[in-house]
Peer 1: 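Take a look at the following structure, please.
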Amino acid sequence: MLAFTNATIVDGTGKALKQNQTLIIKNGIFKEMGNDADIKIPHNATTINLKGKTIIPGIVGMHNHLHIPRFPDVGDVAAKLYLASGVTTIQTCGAASPYNELELSKRIKDAKQVGPEIIPSAPFITGQGGNPNMIIPRDTEHLKDTMKHWLDQGVKWFKVYRNTNPDDLKTIIEVAHNNQAKVRGHLCSITFEEATKLGIDAIEHGLNSTSDFRTNKDYGQCNGGREYMDDLIIDSPEVKRLQQLMIDNKVFLTSTVSIYEASIPNRAFADKRTIKAMSPFLQDQYKERRASFDKQMNDSIRNNRLKRIMQFEYQYYKMGGLLCAGVDAGRHVLPGFGDQRNYELLIEAGFKTEEAIQIMTGNGAKALERQDVGTIQVGKRADFVILNGNLEKDATVIKNVETVFKKGIGYNPESILETIEEQFGKE
């Protein structure tokens, strides 16, 4: 039994943070929470004073792959990075090494390895002209047989990619929903409106993949002009109509702003801990990109696009949409570290501390239809993170992870990170 006192708690519900709180954990469950003066601490509890520190729920990463470009399986190191960063649950949103993903998920569940709870995905599904390492259905029977195989493995999440055929998406959604599974999409050939009307459950990346506003786009084709990225009025009736349609159909939207930021010359910088974790190969890649970026520091187009992406997501949330977040790791944006950066960018986008944490925790649990994680509430699983500092006053405190608790067990992030120096992306 653990009793934490003098804590500032952001509970993940979106409600105002609470100060001077006592939180009691017993057998991996939140047993009591309230003002210090109102909670009687059991005599057999270990008491820990958290004055000057902030507690948040364990992060629920909703676009948290176990692969990166060129490396189809970084799961072992990624799992440690996620947990050390305060990410206690992930939905992988598409698998590049699906069997390895399932095995890693089981190993972590059986306590044979540290890492977040992994909710695995089937391989990506795309269409003609799409990535050859993904599933490209030959016909409807092939598509259904392939989905059945992954359903039989226990997978409940399917991800469609940019070249998916509209007829195939209709089949994918029907098969998934008939088997209590869900479908997410990184879209291009299919518009947000078309996918929403077909019954898709979630859409990734927001404005950057909204092909609804492309000029000269052909039905079912990933083509057309992208002038909308610079010209579209985000609070216009046509954008709000689309977002309201998604909200009415309970489509959740996943923010991945940290990976977009990595393409902006004057913002794409890796911090010391990131460099320390990256393999020499990834370090060299980063240095090459930075040398190129240093010559393009006045690029204002991508800066403005990031602001518009943020505005699109902020508006979706304020209209009542379910907004989640995930890292979509790549470049120098690492698993876990990129989730933390998402928090800082959500604050930059205009979200309050309580809202940004809700997006990254409680909303993810809601999208997963999980009642046991995502928020700090009595009766739920004790997945939470102790941050050293006042998160409300300083967004960078999200990176000051002192201890990560999963199922009531505390993990030392420094000890975990020491084991993976220069290991991420090792060939």
Side-chain angles (χ1 to χ4, degrees), residues 63 69 93-94 124-132 134 136-137 158-173 183-249 251-264 299-317 319 321 323-324 326 328 330 349:
H63 194 121
C93 198
F124 291 74
I125 304 173
T126 189
Q128 295 301 319
N131 297 28
M134 299 179 182
I136 301 176
F158 293 87
K159 164 89 169 284
V160 297
Y161 203 59
R162 294 163 51 86
N163 288 68
T164 301
N165 178 286
D167 290 336
D168 284 346
L169 179 58
K170 183 179 180 182
T171 299
I172 292 162
I173 292 170
V183 181
R184 311 177 63 171
H186 176 166
L187 304 177
C188 178
S189 57
I190 301 167
T191 66
F192 283 22
E193 180 175 352
E194 291 163 351
T196 297
K197 288 180 176 177
L198 286 171
I200 201 165
D201 298 287
I203 296 175
E204 313 306 303
H205 310 302
L207 185 67
N208 200 36
S209 60
T210 314
S211 60
D212 302 63
F213 307 112
R214 287 189 180 221
T215 54
N216 302 314
K217 183 193 176 300
D218 296 316
Y219 174 76
Q221 298 294 316
C222 183
N223 63 9
R226 282 170 51 84
E227 298 90 342
Y228 78 92
M229 282 297 293
D230 304 308
D231 300 336
L232 187 67
I233 299 171
I234 304 301
D235 61 356
S236 65
E238 60 178 337
V239 175
K240 287 187 173 181
R241 182 194 63 79
L242 173 62
Q243 291 185 328
Q244 192 61 54
L245 177 71
M246 294 169 62
I247 293 166
D248 291 345
N249 284 273
V251 177
F252 71 82
L253 186 69
T254 311
S255 172
T256 57
V257 279
S258 62
I259 190 62
Y260 188 85
E261 184 189 39
S263 69
I264 305 174
D299 178 358
S300 62
I301 292 174
R302 298 194 74 81
N303 276 287
N304 289 333
R305 287 180 179 176
L306 176 61
K307 291 177 184 176
R308 293 161 62 75
I309 289 168
M310 290 174 166
Q311 187 183 353
F312 184 90
E313 294 171 358
Y314 185 84
Q315 181 169 283
Y316 193 75
Y317 176 93
M319 288 175 61
L323 181 67
C324 304
D328 194 16

Peer 1: Check whether any side-chain heavy atom of Tyr316 lies under 4.5 Å from a side-chain heavy atom of Ile247, and answer yes or no.
Peer 2: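 A side-chain contact under 4.5 Å exists here.
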
Peer 1: Check Cys188 against Arg162 and note the closest heavy-atom contact, atom names and distance.
Peer 2: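 In this case the closest contact between Cys188 and Arg162 is CB-O, 3.6 Å.
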
Peer 1: Does the Lys159 side chain pair with the main chain of Cys93, one donor and one acceptor, at a distance under 3.5 Å?
Peer 2: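 Pair found, side chain donor or acceptor close to backbone of Cys93.
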
Peer 1: Work out which heavy atom in Tyr228 is nearest to a heavy atom in Asn208; give both atom names and the distance.
Peer 2: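 Of all heavy-atom pairs spanning Tyr228 and Asn208, the closest is OH-O, 3.6 Å.
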
Peer 1: Crowded around Asn216 CG? As in, over 12 foreign heavy atoms under 6.0 Å?
Peer 2: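 Atom CG in Asn216 is not crowded, with 12 or fewer foreign heavy atoms closer than 6.0 Å.
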
Peer 1: Is there a side-chain contact between Thr210 and Leu187 (heavy atoms, below 4.5 Å)?
Peer 2: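 No. Closest side-chain heavy atoms not under 4.5 Å.
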
Peer 1: Within the structure provided, determine whether Leu232 and Val239 are in side-chain contact (heavy-atom separation under 4.5 Å).
Peer 2: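 Heavy-atom side-chain distance check passes, below 4.5 Å.
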
Peer 1: Looking at Tyr219 and Pro166, what are the two nearest heavy atoms and their distance?
Peer 2: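 Of all heavy-atom pairs spanning Tyr219 and Pro166, the closest is OH-CB, 3.3 Å.
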
Peer 1: I would like to know whether Asn131 and Phe124 meet side chain to side chain contact (heavy atoms under 4.5 Å, CB included); could you show each step before the answer?
Peer 2: CA-CA 9 Å; Asn131 297 28; Phe124 291 74; over 6 Å; no

Peer 1: Using atom types as modelled and distance alone, determine if a side-chain donor or acceptor of Glu194 lies under 3.5 Å from a backbone N or O of Thr191.
Peer 2: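 Judged by distance alone, yes, a pair lies under 3.5 Å.
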
Peer 1: Can you tell which of Val160, Asn163, Asn165, Asp168 makes a side chain to side chain contact (heavy atoms under 4.5 Å, CB included) with Thr126?
Peer 2: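 The single option meeting the side chain to side chain contact (heavy atoms under 4.5 Å, CB included) with Thr126 is Asn163.
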
Peer 1: Closest heavy-atom contact between Asp328 and Ile259?
Peer 2: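 Smallest heavy-atom distance, with atoms named: O-CG1, 3.5 Å.
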
Peer 1: In Å and rounded to the nearest 0.5 Å, what is the CD1 to CD1 distance from Ile264 to Ile301?
Peer 2: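 If we round to the nearest 0.5 Å, Ile264:CD1 and Ile301:CD1 are 11.5 Å apart.
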
Peer 1: According to side-chain contact (heavy atoms from CB on, under 4.5 Å), who are the partners of Lys240, at least two apart in sequence or on a separate chain?
Peer 2: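 Checked Lys240 against side-chain contact (heavy atoms from CB on, under 4.5 Å); matches are Asp235, Gln315, Met319.
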
Peer 1: Nearest 0.5 Å, please: how far is CZ in Arg308 from CG in Asn303?
Peer 2: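 Between atom CG of Asn303 and atom CZ of Arg308 there are 13.5 Å.
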
Peer 1: Can you tell me which residue pairs pass the salt bridge (charged side-chain N to carboxylate O under 4.0 Å, His left out) test with a partner in residues 195-217, sequence neighbours excluded?
Peer 2: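 For residues 195-217, and leaving out neighbouring residues, the salt bridge (charged side-chain N to carboxylate O under 4.0 Å, His left out) pairs sorted by first residue read Arg184-Glu204, Glu193-Lys197.
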
Peer 1: Hey, what do you get for CG (Asn304) to NZ (Lys307), rounding to the nearest 0.5 Å?
Peer 2: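 So the gap between those two atoms works out to 5.5 Å.
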
Peer 1: Any side-chain heavy atom of Phe252 sitting closer than 4.5 Å to one from Leu323?
Peer 2: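 Heavy-atom side-chain distance check fails, nothing below 4.5 Å.
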
Peer 1: Do Ser255 side-chain atoms and Gly326 backbone N/O form a donor-acceptor pair below 3.5 Å?
Peer 2: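 Looks like no, no N/O pair under 3.5 Å.
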
Peer 1: Which value, rounded to the nearest 0.5 Å, describes the distance between Asn223 atom CG and Asp218 atom CG?
Peer 2: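 Between atom CG of Asn223 and atom CG of Asp218 there are 4.5 Å.
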
Peer 1: Minimum heavy-atom separation for Thr164 and Ile190, please, with both atom names.
Peer 2: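 The pair with the smallest heavy-atom distance is O-CD1, 3.4 Å.
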
Peer 1: Measuring from atom CZ of Phe312 to atom CZ of Arg305, what distance do you get when rounded to the nearest 0.5 angstrom?
Peer 2: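 It is 15.5 Å, given to the nearest 0.5 Å.
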
Peer 1: Would you check if Phe213 and Arg226 make a side-chain contact, meaning some heavy-atom pair closer than 4.5 Å?
Peer 2: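 SC-SC contact between Phe213 and Arg226 ruled out.
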
Peer 1: The test is side chain to side chain contact (heavy atoms under 4.5 Å, CB included); show your working for Leu242 and Thr196 and say whether it passes.
Peer 2: CA-CA 9 Å; Leu242 173 62; Thr196 297; 5.5 Å; no

Peer 1: So which heavy atom on Gly330 is nearest to which on Pro69, and how close?
Peer 2: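 Nearest pair, atom of Gly330 first, then Pro69: CA-CD, 4.4 Å.
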
Peer 1: Give the C-alpha distance, both sets of side-chain angles, the deciding distance and a yes or no for side-chain hydrogen bond (donor to acceptor under 3.5 Å, both in side chains) between His205 and Thr256.
Peer 2: CA-CA 6 Å; His205 310 302; Thr256 57; 2.8 Å; yes

Peer 1: Could you tell me the separation between the CE atom of Met246 and the CD1 atom of Ile203, rounded to the nearest 0.5 Å?
Peer 2: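 It is 4.0 Å, given to the nearest 0.5 Å.
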
Peer 1: Is Ser189 close to Gln221 at the side-chain level, that is, under 4.5 Å between some pair of heavy atoms?
Peer 2: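 When only atoms from C-beta onward are counted, Ser189 and Gln221 do not touch, as no gap falls below 4.5 Å.
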
Peer 1: Taking the side chain as every heavy atom from C-beta outward, state whether Phe192 and Ser209 have any atom pair closer than 4.5 Å.
Peer 2: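 Contact flag for Phe192/Ser209 side chains = yes.
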
Peer 1: Can you find a pair of side-chain heavy atoms, one from Leu207 and one from Ile234, that are under 4.5 Å apart?
Peer 2: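 Leu207 vs Ile234: side chains touch.
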
